[in-house]
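Sequential numbering from 1 along the given sequence is applied to the chain's residues.
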Amino acid sequence: MKFELAAPVDVYVAPIVFGEDMTRQCREERALAVLLDEIFGPECERVHDASGAPVVLSRGRRVEAEVSISHSMHYAAVAVGSPGYEVGIDIEERRSQLSRVCPRVLSAAELSAYKERPDGLLEAWTLKEALYKAWRRHSGGEIDFGRQLHLPMPPGTGMAHTTHADGTPGADYAAFSRGGDFLGEFACLSVVYRGISD
């Protein structure tokens, strides 16, 4: 399934197929490999840069696109940004532990605002993860999710931003979230992106 955003980013989602005698990790990797083959061709290979971000190679050369990858229990997702764009994606399904984990990664204001929305903590979690993935190459080190990654406020307004560890402004990112029934299971998908100059 491909989502057309009004942006220089394409988003692809595919189900993780159960069955066969494979571990969860093997099923996730297989689903991601199928998606990447569909997007970039059968000659592609996924490697990671020094920050841990995925890089896609085709015939040994880096493809001219920015790539972010995510998976949940039932889905694999890939965001492909045009050259010159940073992109991050996350997809998650409803999980009871979000109410325990979110206070550690959301600011007090974010927690208060997002917990009032239906599936708001799920939306907040996926936005934070997507923002982290987009900014990690440029953050300058460890990232404090609560102090350095800032969600759109009020929720749904469309812009997220980052702050360096010393408190100086980082970057602004367009933010998109969609919760709903993707291929049979409820999930929340979030994508962030921004244009960068060389």
Side-chain angles (χ1 to χ4, degrees), residues 1-93 125-139 143 158 160 162 171-198:
M1 172 185 298
K2 180 179 177 182
F3 291 93
E4 299 285 341
L5 300 179
V9 178
D10 289 323
V11 176
Y12 302 83
V13 178
I16 292 177
V17 179
F18 289 83
E20 300 187 30
D21 203 16
M22 292 190 299
T23 65
R24 178 180 173 183
Q25 182 178 2
C26 288
R27 289 190 305 266
E28 292 165 353
E29 289 298 321
R30 183 175 178 185
L32 288 170
V34 168
L35 267 179
L36 292 172
D37 285 355
E38 178 184 308
I39 299 164
F40 298 108
E43 308 261 332
C44 76
E45 171 188 10
R46 178 175 47 128
V47 297
H48 294 87
D49 68 13
S51 73
V55 174
V56 177
L57 306 176
S58 180
R59 297 185 177 143
R61 298 180 67 189
R62 184 181 177 138
V63 299
E64 293 296 317
E66 292 300 317
V67 177
S68 185
I69 292 172
S70 183
H71 54 75
S72 65
M73 176 68 84
H74 293 96
Y75 301 109
V78 176
V80 180
S82 300
Y85 280 81
E86 290 176 346
V87 59
I89 190 170
D90 193 47
I91 189 166
E92 292 289 340
E93 293 156 59
W125 178 266
T126 59
L127 281 166
K128 283 275 182 167
E129 282 289 322
L131 189 56
Y132 166 76
K133 290 175 181 180
W135 197 50
R136 68 179 157 194
R137 290 181 180 152
H138 308 286
S139 67
I143 297 173
T162 61
D172 293 326
Y173 290 84
F176 164 85
S177 287
R178 177 176 171 193
D181 185 357
F182 295 91
L183 312 172
E185 295 287 333
F186 185 89
C188 184
L189 172 77
S190 291
V191 177
V192 301
Y193 62 91
R194 77 175 183 116
I196 55 175
S197 55
D198 296 336

Taking side chain as C-beta onward, heavy atoms only, is Ile69 less than 4.5 Å from Arg46?
-> yes
State, yes or no, whether a side-chain contact exists between Val80 and Tyr12 at a heavy-atom distance under 4.5 Å.
-> yes
So, Ser68 side chain and Ala79 main chain: donor-acceptor pair closer than 3.5 Å or not?
-> no
Enter the distance from Glu28:CD to Ser72:OG here, rounded to the nearest 0.5 Å.
-> 8.0 Å
Would a 4.5 Å heavy-atom cut-off, applied to side chains only, mark Val78 and Val67 as touching?
-> yes
If you look at every heavy atom in Leu32 and Ala76, which pair is closest and at what distance?
-> CD2-CB, 3.7 Å
Would you say Asp90 and Lys133 make side-chain contact, with heavy atoms under 4.5 Å?
-> yes
Do the side chain of Thr162 and the main chain of Ala171 share a donor and acceptor less than 3.5 angstrom apart?
-> yes
Distance, nearest 0.5 Å, that separates SG of Cys188 from CD of Glu93 = 11.0 Å
Return the minimal non-hydrogen interatomic distance between Ile91 and Ser70, and the atom names on each side.
-> N-OG, 3.0 Å
For Tyr132, enumerate each residue passing the ring pair (Phe, Tyr, Trp, His ring centres under 6.0 Å) test, keeping only those at least two apart in sequence or located in another chain.
-> Phe145
Of the non-hydrogen atoms in Glu66 and Tyr85, which two are nearest, and what is the gap between them?
-> CG-O, 2.7 Å
From CD (Glu29) to CD1 (Ile16), nearest 0.5 Å = 9.5 Å
Just by distance, do the side chain of Ser82 and the backbone of Pro8 share a donor-acceptor pair under 3.5 Å?
-> yes
Partner set under salt bridge (charged side-chain N to carboxylate O under 4.0 Å, His left out) for Arg61, not counting sequence neighbours | none
Nearest 0.5 Å please: distance from the OG atom of Ser58 over to the CD atom of Glu45.
-> 10.0 Å
Rounding to 0.5 Å, atoms CZ (Arg27) and CE (Met22) come to a distance of 6.5 Å
Minimum heavy-atom distance between Ala134 and Gly88, given as atom pair plus value = CB-N, 3.7 Å
First locate atom CG of Leu131, then atom OH of Tyr193, and finally report the distance between them rounded to the nearest 0.5 Å.
-> 13.5 Å
Just by distance, with hydrogens left out, do Thr126 and Glu92 show a side-chain donor and acceptor under 3.5 Å apart?
-> no
What pairs of residues pass the ring-ring contact (aromatic ring centres under 6.0 Å, His included) test when at least one of them lies in residues 39-74, not counting sequence neighbours?
-> Phe18-His74
Residues Pro54 and Arg136: closest non-hydrogen pair is CD-NH2, 3.5 Å
